[in-house]
Amino acid sequence: MNLFRLLGDLSHLASILVLLHKIQTSRSCRGISFKTQALYVAVFVARYLDLFWRYISLYNSAMKVFFIGSSCYILYLMKYRYRPTNDPSIDTFRIEYLLVPCAILSLIFNYNFMPTEILWSFSIFLESVAILPQLFMLQRTGEAEAITTHYLAALGIYRALYIPNWIYRYFTEGVIDPIAVTAGIVQTGLYLDFFYVYFTKVLQGQKFELPA
Amino acid sequence: VPPVQAHDEL
């Protein structure tokens with residue numbers, strides 16, 4: 001564990017708490033892509049079911065339980081409790097365009113051709129693009145509530161912090177995880193446009209609005 | 001080539 005990874009994980013944790021706070025206080029999931037949230041459930045279940053056969057630390061296990069539990073809870077809130085506030089007509093990204101390529105990539109790029117390792121690779125690839133339906137929705141509506149942008153910023157910062165973590169681990173432990181690093185760089189790259197608007201507008205007190 | 005990590009990250 002190093003500071004980059006710890007701060008990254010805390011940022012990830014914070015992003016989910018911000019999202020829950022947004023949904024609970026506004027009693028609405030307006031502006032949140034159900035598809036992205038469903039993809040995160042798939043990512044966490046595919047990757048963190050190793051809870052049952054791989055023990056790393058209490059920290060690691062507790063985070064895994066939290067991420068699986070909270071992502072399922074968010075889906076429940078969107079699908080049932082606040083269903084009327086969820087507008088599928090603007091959540092139109094075709095997720096099969098993400099699922100199929102990720103499935104194929106995970107069959108080609110994995111560390112061992114066995115179901116658990118293929119699932120692990122699949123989850124890494126899928127996580128890297130799971131935010132696309134959300135960003136696509138943002139692009140379509142052209143604006144977002146401030147709190148939704150804080151959620152996205154925390155999520156993006158989590159991924160960005162994993163990059164110095166890998167560099168640090170390469171020099172201190174001599175390890176490198178090419179699959180995670182490649183997917184992680186792609187994932188962070190997807191946030192660059194968003195970060196630009198977030199740091200130049202939202203953090204200056206302006207509304208999050210994309211140029212028409 | 002350095003060894004691959006043991007999936008110890010989240």
Side-chain angles (χ1 to χ4, degrees), chain A residues 1-2 4-6 8-13 16 43-44 46-51 53-57 59-68 109-112 116-117 119-121 123-124 127 158-159 161-163 165-166 168-181 183-184, chain B:
Chain A
M1 178 58 75
N2 59 64
F4 299 115
R5 187 145 56 114
L6 180 64
D9 289 344
L10 292 179
S11 183
H12 194 188
L13 202 65
I16 291 172
V43 165
F44 295 147
R47 194 182 317 160
Y48 295 161
L49 278 184
D50 71 354
L51 264 172
W53 65 85
R54 182 187 288 122
Y55 181 78
I56 290 159
S57 65
Y59 168 85
N60 187 277
S61 299
M63 292 292 250
K64 285 173 174 173
V65 170
F66 175 81
F67 288 127
I68 292 177
F109 301 101
N110 54 67
Y111 293 133
N112 209 332
T116 54
E117 284 299 308
L119 269 181
W120 180 86
S121 277
S123 82
I124 292 288
E127 185 190 348
Y158 142 63
R159 285 322 300 191
L161 283 168
Y162 259 65
I163 294 175
N165 153 63
W166 291 320
Y168 181 86
R169 295 193 77 177
Y170 175 75
F171 287 109
T172 57
E173 300 168 43
V175 293
I176 188 161
D177 184 335
I179 293 176
V181 170
Chain B
V1 180
V4 151
Q5 292 173 18
H7 302 334
D8 59 350
E9 294 180 344
L10 286 163

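Residue numbering restarts at 1 for every chain, and letters A, B, ... go by the order of the sequence lines.
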With a 4.5 angstrom heavy-atom cut-off, which part of [X] approaches chain B: side chain, backbone, both or neither?
{"X": "Asn60(A)", "result": "both"}
{"X": "Tyr48(A)", "result": "side chain"}
{"X": "Tyr55(A)", "result": "neither"}

What residues form a side-chain contact (heavy atoms from CB on, under 4.5 Å) with Val43(A), not counting sequence neighbours?
Arg47(A), Ser123(A), Leu126(A), Glu127(A)
Within a radius of less than 6.0 Å around OH of Tyr168(A), do more than 12 heavy atoms belonging to other residues, nucleotides or ligands occur?
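Check fails, neighbour count at 12 or below.
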Return the orientation label for the Trp120(A) and His7(B) ring planes: parallel under 30°, perpendicular over 60°, tilted otherwise.
parallel
By ring pair (Phe, Tyr, Trp, His ring centres under 6.0 Å) - contacts of Phe4(A) (at least two apart)
none
